[in-house]
There are 2 protein chains.
Amino acid sequence: MPASKTKGHAAVCPISNERVELLVTEIIGRVADKWTMLILEELEQHGTLRFTEVRKCVPGISQKMLTQTLRQMERDGIVLRTVHPVVPPHVDYELTELGGCLGEAFCGVWQWAEKNFARIEKSRAAFDKRAEKAATKTAATR
Amino acid sequence: MPASKTKGHAAVCPISNERVELLVTEIIGRVADKWTMLILEELEQHGTLRFTEVRKCVPGISQKMLTQTLRQMERDGIVLRTVHPVVPPHVDYELTELGGCLGEAFCGVWQWAEKNFARIEKSRAAFDKRAEKAATKTAATR
DNA sequence: CGGGATCCTTAAGGATACTG
DNA sequence: CAGTATCCTTAAGGATCCCG
């Protein structure tokens with residue numbers, strides 16, 4: 001169990017630690033988002049993509065969410081957005097180096113999900129069965 | 001750049017691959033959640049915690065979200081919930097082995113956030129400055 | 001084509017009150 | 001103590017239209 005998480009930072013950096021932790025937490029909250037992760041994954045796999053291409057790669061995402069998420073990622077320095085001043089417009093998206101690092105960091109989570117999805121499904125089924133039993137029992141009691 | 005993400009699964013497993021991908025995506029969506037990650041982190045760091053203790057460790061979480069998230073995690077087999085039949089009630093939460101693995105997988109993301117939060121802040125500031133400039137320019141034009 | 005602006009609907013999430 | 005149940009508010013997110 002690797003111990004160097006947020007707490008490990010304390011000894012190193014003297015600047016207000018609650019602030020750092022809040023910041024890190026906020027970043028985690030921003031980055032640990034469904035669409036962000038999916039877009040990240042696609043850009044990592046395909047390299048550079050245009051707006052419409054990203055949209056095709058991420059099924060189910062609305063144009064609004066795509067724009068919004070890409071903007072956030074651009075703002076955070078995860079994605080590089082290049083506008084080619086031609087008509088009709090041509091906009092390219094690609095990961096920055098920072099974004100690439102994040103992609104690699106998330107890789108472990110993807111692998112975890114891939115490796116364990118069957119276990120998770122089983123656990124869910126078992127949980128639901130127990131819950132159902134409990135429910136019928138409660139119904140019988142009253 | 002490790003290439004074995006969802007796509008890498010294709011060659012190994014013959015069962016409907018879209019289904020697997022959907023499942024994995026769904027799991028990612030579930031697990032890549034702010035509260036889930038924070039609770040995971042606390043349980044990994046403290047071992048076993050009671051309901052109220054978790055609540056204290058995760059500032060800002062409402063009791064509703066805490067219950068809800070813990071239930072989801074229990075259902076997914078990430079967290080083990082132990083009820084001691086005493087009065088007043090005593091309920092313990094701890095990570096399962098599966099949960100521990102997930103914690104380790106997420107560790108990379110935490111480290112990424114810790115390492116790069118300054119860069120991200122700078123990127124955001126720069127982005128906002130550019131946006132502001134663009135806005136005043138637009139305002140001047142009309 | 002790549003969005004911005006607007007409207008509208010659903011759902012996430014907080015506050016409060018009650019219970020075994 | 002560790003929840004469940006209810007209400008209520010905010011905001012996420014989809015659909016639509018339009019524009020450079």
Salt bridge between B/R75 and A/D128, side-chain N to carboxylate O under 4.0 Å?
-> yes
Can you check side-chain contact (heavy atoms from CB on, under 4.5 Å) on B/H46 and B/E42, steps first, answer last?
-> CA-CA 6 Å; B/H46 293 88; B/E42 295 305 327; 3.1 Å; yes
Taking the inter-plane angle between the rings of B/F51 and B/Y93 on a 0 to 90° scale, is it parallel (under 30°), tilted (30 to 60°) or perpendicular (over 60°)?
-> tilted
B/R81 and B/D92 ion-paired at < 4.0 Å = no
Protein heavy-atom contacts under 4.0 Å, written 5' to 3' over nucleotides 2-20 of chain D as B (base), S (sugar-phosphate only) or - (none), form the string SBB--------BB-----B
Pair A/R124 + B/E74: basic N to acidic O under 4.0 Å = no
